[in-house]
Novice: 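The structure follows.
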There are 2 protein chains.
Amino acid sequence: MPRRSTGRVTLQDIAERVGVSKVTVSRCLREPQRVSETVRLRIEEAIEVLDYIPNRQAGALSSGRSLSVALLVPSISNSVFSEVQRGVDEGLREAGYQVLMGHTGYSILEEERLIDTFLAYGVDGFVLSSTRHTDHAQRLLNRAHLPVVETMELTDNPLDINVGLDQRVAGRAIGEALITAGYRRIGFCGARLDYRVQQRLAGWEDALKAAGLSTQRCQTTPRPSSYRLGGELLSAMLERWPDMDAVFCCNDDLAAGALFECQRRRLDVPGQLALAGFNGLDITDATWPTLTTVITPRRAIGEQAARLIVERLQGAPRNPSRHDMGFDIALRQST
Amino acid sequence: MPRRSTGRVTLQDIAERVGVSKVTVSRCLREPQRVSETVRLRIEEAIEVLDYIPNRQAGALSSGRSLSVALLVPSISNSVFSEVQRGVDEGLREAGYQVLMGHTGYSILEEERLIDTFLAYGVDGFVLSSTRHTDHAQRLLNRAHLPVVETMELTDNPLDINVGLDQRVAGRAIGEALITAGYRRIGFCGARLDYRVQQRLAGWEDALKAAGLSTQRCQTTPRPSSYRLGGELLSAMLERWPDMDAVFCCNDDLAAGALFECQRRRLDVPGQLALAGFNGLDITDATWPTLTTVITPRRAIGEQAARLIVERLQGAPRNPSRHDMGFDIALRQST
DNA sequence: ATGAAAGCGCTAACAT
DNA sequence: ATGTTAGCGCTTTCAT
């Protein structure tokens with residue numbers, strides 16, 4: 001017994017109304033110039049009148065391409081990734097691809113789960129926001145023969161395409177900037193301690209060691225970053241190392257939170273304590289005093305990722321590559 | 001001539017390896033208890049060994065259900081919506097649904113485009129973050145016979161399910177709180193001026209009028225909200241109405257930006273000027289002074305939206321409803 | 001320029 | 001408990 005149709009308007013409905021076969025309608029949608037003008041106009045009219053919405057699942061099943069790309073970010077609420085997302089989204093949309101977003105909660109296991117899910121949805125490519133993955137995730141990606149872009153940080157062994165910046169070099173640069181500015185008892189505070197934060201910490205150590213300074217003033221926690229945590233970490237540090245004259249916070253949220261805590265304590269920034277953040281979020285340029293930070297090219301990373309993946313989707317051969325997008329130090333009022 | 005297969009592992013491959021038919025494998029995945037234990041174990045082993053990933057497009061095409069729900073938010077970077085998103089995501093994931101997110105950029109035309117796109121992807125339902133849509137979008141949604149939840153604000157004519165809070169009443173409540181606290185020359189500053197902001201403004205007017213106070217101190221702009229804009233609007237207001245003793249900012253970003261501007265001007269908050277925001281973002285509880293604000297139950301809205309849509313997806317009949325999730329006023333140091 | 005036929009990988013319906 | 005058959009809506013291939 002035939003299963004009843006879903007009631008949705010299909011290519012066949014358009015075809016019948018116009019009096020052509022459904023291949024012609026399909027063709028009209030994909031290669032309008034291959035259909036005669038008269039037929040084209042009538043098809044377009046029918047589509048309009050019937051409110052036809054193509055069934056992408058059927059299209060994808062048949063063609064093997066879904067015209068969608070998965071973008072996996074650690075966190076939705078972290079504004080750091082929303083800029084990357086915008087760049088990716090814009091670039092891919094222009095090329096006719098839909099971006100499907102997922103968030104991993106900073107967990108590579110969750111990333112693996114999402115890769116599996118999106119493979120099941122038949123995405124044509126992946127943009128990941130890290131270079132660290134489970135073995136299984138890597139296997140899945142390799143077998144799928146899909147273009148993959150790993151973003152944010154750089155790696156020597158990209159799965160495929162890698163677009164980011166050297167987090168360690170950036171950490172070192174901000175450390176050096178603080179040293180150049182005359183600070184000598186420089187602390188580091190970090191939350192979450194994901195790979196990128198660890199790299200920034202290593203960079204900070206590089207800078208201090210190279211200058212012969214102590215790297216003992218280091219306060220870290222696995223807890224997720226927040227404004228309040230920035231305040232808490234700063235308080236703990238002031239207690240342990242009252243002589244500290246500057247702090248590099250692993251990200252801008254912590255830096256802003258630390259600044260608020262200084263205000264609460266009536267501690268003059270930068271007079272009594274200098275503060276620096278990382279990423280260059282909007283808030284760093286709005287507080288009083290404004291915050292010194294490392295500006296990361298998040299939008300550009302997203303755009304470049306989109307550009308490269310589109311190239312591949314349009315047929316360019318696989319060619320593992322690494323793209324260093326650099327960073328800028330913004331020296332502001334807090335140092 | 002037969003088209004060559006995609007090379008992907010399919011149900012058929014599993015079936016052949018185990019020596020059963022593919023329906024049995026399919027059944028094993030969906031209703032394991034209906035398959036004999038021995039066969040089940042062998043199927044599970046084959047799936048593991050071959051790294052089988054089901055093709056959801058084929059499944060959805062065949063069954064008419066994609067096990068996915070679209071969530072449309074105005075902005076990815078606005079943390080207001082990330083809480084909603086978490087609630088939705090969590091609830092839907094538990095029920096076995098994947099959330100596909102899109103952002104409209106506060107444009108109902110873009111919303112319409114996304115509704116079209118996600119209908120093409122065959123989603124089983126929609127969570128929207130407004131009650132305002134284009135006529136065409138409403139038509140599309142009605143014809144699709146899919147569960148739809150409109151969130152954030154309340155409406156008298158829900159498309160289907162409506163979960164939110166009365167933005168106008170909330171605006172009035174914060175206005176009244178300021179009046180109760182003794183302020184009399186109360187300003188309003190608003191950005192973007194989307195529907196919700198307009199409602200908050202109307203509520204603020206309600207409160208001031210009811211108390212016989214002037215509503216002239218109102219500074220608005222269509223520009224998108226940001227910390228810096230909060231500072232700019234405040235500056236403009238101080239210039240126009242130097243006697244102003246309190247400002248209700250339409251959201252927390254503006255309020256924080258206004259606070260930073262006060263710090264820059266060495267204006268004592270709340271001594272010389274009181275500030276209030278809207279939403280209850282983390283930052284309002286981190287600044288110095290902390291910010292008075294309206295706490296909106298964003299997480300709860302998301303969870304409730306998920307709960308209700310899952311009910312419908314599991315067969316509950318359509319039953320238009322409105323769920324007022326309320327709000328709380330947090331009186332903090334800035335007033 | 002247009003169409004007929006086959007098939008993408010899966011599930012629903014109906015046997016056995 | 002398992003299998004057979006048909007078909008979801010589209011695109012591809014090949015023919016006209």
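Below, chain A is the first sequence line, B the second, and so on; all start at residue 1.
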Novice: Establish, with yes or no, whether the OP1 or OP2 oxygen of C:dC8 is under 4.0 angstrom from a side-chain nitrogen or oxygen of B:Arg56.
Specialist: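 Answer is no, no contact under 4.0 Å.
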
Novice: Rounded to whole angstroms, how far apart are CD on A:Gln57 and P on D:dC10?
Specialist: 11 Å

Novice: Any salt bridge linking A:Arg322 with A:Asp156? Criterion: basic side-chain nitrogen under 4.0 Å from a carboxylate oxygen.
Specialist: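 Result for this pair is yes, salt bridge flagged.
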
Novice: Can you sort out the partners of B:Ala137 under side chain to side chain contact (heavy atoms under 4.5 Å, CB included), two or more places apart, ordered by chain and number?
Specialist: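 With sequence neighbours excluded, B:Ala137 shows a side chain to side chain contact (heavy atoms under 4.5 Å, CB included) to B:Glu112, B:Ile115, B:His133, B:Thr134, given in chain and number order.
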
Novice: Under the side-chain hydrogen bond (donor to acceptor under 3.5 Å, both in side chains) rule, collect the residues that match up with A:Glu16, sequence neighbours excluded.
Specialist: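 With neighbours one apart ignored, the set is A:Gln12.
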
Novice: What pairs with B:Arg65 under side-chain hydrogen bond (donor to acceptor under 3.5 Å, both in side chains), at least two apart in sequence or on another chain?
Specialist: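 Scan of B:Arg65 (side-chain hydrogen bond (donor to acceptor under 3.5 Å, both in side chains), adjacent residues dropped) gives none.
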
Novice: Can you list, by residue number, the residues of residues 16-23 of chain A that have a non-hydrogen atom closer than 4.0 angstrom to DNA chain D?
Specialist: A:Lys22, A:Val23

Novice: OP1 or OP2 of D:dT12 sitting under 4.0 Å from any side-chain N/O of A:Ser62?
Specialist: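 Checking A:Ser62 against D:dT12: no side-chain N or O falls below 4.0 Å of OP1 or OP2.
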
Novice: Quick one: list whatever passes side-chain hydrogen bond (donor to acceptor under 3.5 Å, both in side chains) with A:Thr117, sequence neighbours left out.
Specialist: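 A:Thr117 satisfies side-chain hydrogen bond (donor to acceptor under 3.5 Å, both in side chains) with no residue once adjacent residues are dropped.
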
Novice: Which pairs count as salt bridge (Lys or Arg N to Asp or Glu O under 4.0 Å) when at least one residue sits in residues 20-30 of chain A, sequence neighbours excluded?
Specialist: none

Novice: Could you work out, with side-chain hydrogen bond (donor to acceptor under 3.5 Å, both in side chains) as the rule, every residue matching A:Asp324, not counting sequence neighbours?
Specialist: none

Novice: Which is more 5' along DNA chain C, the nucleotide nearest B:Arg30 or the one nearest A:Arg27? Just name the residue.
Specialist: A:Arg27

Novice: For the helix from C:dA1-D:dT16 to C:dT16-D:dA1, what angle separates the axis at the start from the axis at the finish, each from five pairs, in steps of 10°?
Specialist: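 That helix gives 30° between its end axes.
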
Novice: Could you tell me whether the phosphate oxygens of D:dC10, OP1 or OP2, come under 4.0 Å of any side-chain nitrogen or oxygen in A:Ser26?
Specialist: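 Looking at the OP1 and OP2 atoms of D:dC10, neither is under 4.0 Å from any side-chain N or O of A:Ser26.
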
Novice: Filter on salt bridge (Lys or Arg N to Asp or Glu O under 4.0 Å), then keep only pairs touching residues 125-134 of chain B, sequence neighbours left out; what's left?
Specialist: none

Novice: Between residues 33-52 of chain B and DNA chain D, which residues have a heavy-atom gap below 4.0 Å?
Specialist: B:Arg34, B:Val35, B:Ser36, B:Val39

Novice: Judged by modelled atom types alone, do A:Arg56 and A:Ser68 share a side-chain donor-acceptor pair under 3.5 Å?
Specialist: no

Novice: A:Glu90: which residues meet the salt bridge (Lys or Arg N to Asp or Glu O under 4.0 Å) condition with it, sequence neighbours left out?
Specialist: A:Arg299

Novice: Output side-chain donor-acceptor pairs under 3.5 Å for residues 99-106 of chain A, partner residues at least two apart or in another chain, one line each.
Specialist:
unit_1   : atom_1 : unit_2   : atom_2 : d
A:Thr104 : OG1    : A:Tyr106 : N      : 3.2
A:Tyr106 : OH     : A:Asn78  : ND2    : 3.1

